[in-house]
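First the proteins, then the strands, lettered A, B, ... as listed; each starts at 1.
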Amino acid sequence: MKLSEKNKDFFEMVFQVVQLIPPGRVTSYGAIARYLGSPQSSRMVGWAMHASHQVPGIPAHRVVNRIGLLTGRIHFDPPEMMEKRLQQEGISVKNDAVVDFKKIFWDPNVELEIK
DNA sequence: GTCTTGACGTTTA
DNA sequence: CTAAACGCCAAGA
């Protein structure tokens, strides 16, 4: 086993889940972290998202914190792109927060029917 | 090499 | 109810 591959394992897992998020839906870092088997390592998901900047096809704008707040929008090239992109998919954003977040919340553990 | 910060979340006071 | 601390792991300084 190569050390390089081992290091990417967690990040790639996050990327895969994020790409699986259907349009008009959002998920939280904690949900992904829990899906990976580390419910308390939600911060790592955020780091993975940061790394996603170098990987095209990663809709990081669909990933928000547990309250639906666009905490990571500042990290986007134009910070406005995140909420703009969400609205483009039919998601309403108010005050940097997703409207009806609970309704459009996409949980990989549920949608993917794990166990 | 150590220390601090960080796209979070849960638990405890 | 709100406020603060802890846990998790990685990367930057």
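Listed candidates were dC8(B), dA7(B), dT10(B). Nearest to the side chain of Asn65(A) is dC8(B). Between dG7(C), dG6(B), dG9(B), one nucleotide has an atom nearer to the side chain of Ser28(A) than all others, and that is dG9(B).
Of the inter-residue distances, the one linking Leu86(A) atom CG with Met81(A) atom CE reads 9.5 Å to the nearest 0.5 angstrom.
Nucleotide dT10(B) holds its C1' atom 14 Å from the CD1 atom of Ile67(A), rounded to whole Å.
Taking atom P on both dT5(B) and dA5(C), the two are 14 Å apart, rounded to the nearest angstrom.
Looking at Ser42(A), its side chain comes within 3.5 Å of the base of dC8(B) through a donor and an acceptor atom. Between the base of dG7(C) and the side chain of Arg43(A) there is a donor-acceptor pair shorter than 3.5 Å.
Taking side-chain N and O atoms only, Thr71(A) has a distance below 4.0 Å to OP1 or OP2 of dC8(B).
Ser38(A) comes within 4.0 angstrom of nothing in the nucleic acid, heavy atoms only. His53(A) comes within contact range of at least one nucleobase, with a heavy-atom separation under 4.0 Å. Across all strands, Ser52(A) comes closer than 4.0 Å to base atoms (heavy-atom distances).
The side chain to side chain contact (heavy atoms under 4.5 Å, CB included) test with Met82(A) singles out one residue from Val64(A), Val63(A), Thr71(A), and that residue is Val64(A).
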